[in-house]
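The block underneath contains the structure these notes are about, expressed in structure tokens.
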Amino acid sequence: MIRVLIERHVADELEPHYDRVARETLQKAMHIPGFISGEALHNVDSPNHRLILATYRSENDWLQWYHSEERREMMEQIAPMLEGEEKITVFGH
């Protein structure tokens, strides 16, 4: 089992739009084989700082989602709302 931490910084005033698309993205990820759970969090001291914490059965399951057409399409919507690139860190048990 692995945990994937995705860190993003959302541009000012785009938070509501980002939240909607991020929820849609997480809902799509739930249907990928090997997806176990996911959470969307925001920094209470810096509301534009967002985290996605997802659990997958294996790194291969995560990579299947990461390289999927569905994720690419969702990132085309998310990327313009970000202040810079997302940072992804994969943790193992």
Grouping I, L, V, M, F, W and Y whenever their side-chain heavy atoms are under 4.5 Å apart, do [X] and [Y] come out in a common cluster?
X: Tyr66; Y: Met1; answer: no
X: Leu53; Y: Val4; answer: no
X: Met74; Y: Leu51; answer: no
X: Phe91; Y: Leu41; answer: yes

With rounding to the nearest 0.5 Å, note down the distance linking [atom1] in [X] to [atom2] in [Y].
X: Ile6; Y: Thr89; atom1: CD1; atom2: OG1; value: 9.5 Å
X: Leu63; Y: Ile2; atom1: CG; atom2: CD1; value: 7.0 Å
X: Ile52; Y: Glu86; atom1: CD1; atom2: CD; value: 9.0 Å
X: Met75; Y: Arg72; atom1: CE; atom2: CZ; value: 11.5 Å
X: Met30; Y: Ser37; atom1: CE; atom2: OG; value: 9.5 Å
X: Thr25; Y: Arg20; atom1: OG1; atom2: CZ; value: 9.5 Å

Query raised in the report: If only atom types and distance count, is the side chain of Asn48 paired as donor or acceptor with the main-chain N or O of Val10 below 3.5 Å?
Result: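 Side chain of Asn48 to backbone of Val10: a pair is present.
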Requested in this report: Indicate yes or no for a side-chain donor-acceptor contact from Glu15 to the backbone of Glu13 under 3.5 Å, with no hydrogens or angles considered.
Outcome: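 Present.
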Query raised in the report: Do His17 and Gln77 get their side chains close enough for a donor-acceptor pair, meaning under 3.5 Å?
Result: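 Looking only at side-chain atoms, Gln77 and His17 do not form any donor-acceptor pair under 3.5 Å.
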Report task. Test side-chain contact (heavy atoms from CB on, under 4.5 Å) on Gln64 and Tyr56 and set out the steps. Result -> CA-CA 11 Å; Gln64 181 180 2; Tyr56 289 84; over 6 Å; no
Query - Any side-chain heavy-atom pair of Asp19 and His42 under 4.5 Å - result: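 Of all side-chain heavy-atom pairs linking His42 with Asp19, none is under 4.5 Å.
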Query - Any Asp61 side-chain heavy atom under 4.5 Å of Phe35 side chain - result: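 Asp61 does not reach Phe35 side chain to side chain.
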**Report entry** For the student: nearest non-hydrogen atoms of Arg50 and Pro47, plus distance
**Finding:**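 Arg50 and Pro47 have their closest heavy atoms at NE-O, 2.7 Å.
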Query raised in the report: Looking only at heavy atoms, which two atoms of Trp65 and Lys28 are closest? And how far apart?
Result: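 Answer, listing the atom of Trp65 first, then Lys28: CH2-CB, 3.9 Å.
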Query raised in the report: Should the pair His9 and His49 be assigned to parallel (<30°), tilted (30 to 60°) or perpendicular (>60°) ring geometry?
Result: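 The arrangement is parallel - the two ring planes meet at less than 30°.
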Requested in this report: Tell me, with the steps shown, if Arg71 and Ile32 meet side-chain contact (heavy atoms from CB on, under 4.5 Å).
Outcome: CA-CA 11 Å; Arg71 186 176 193 279; Ile32 296 297; over 6 Å; no
Query raised in the report: Hey, is CD on Glu85 packed in by over 12 heavy atoms from elsewhere, all under 6.0 Å?
Result: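 No.
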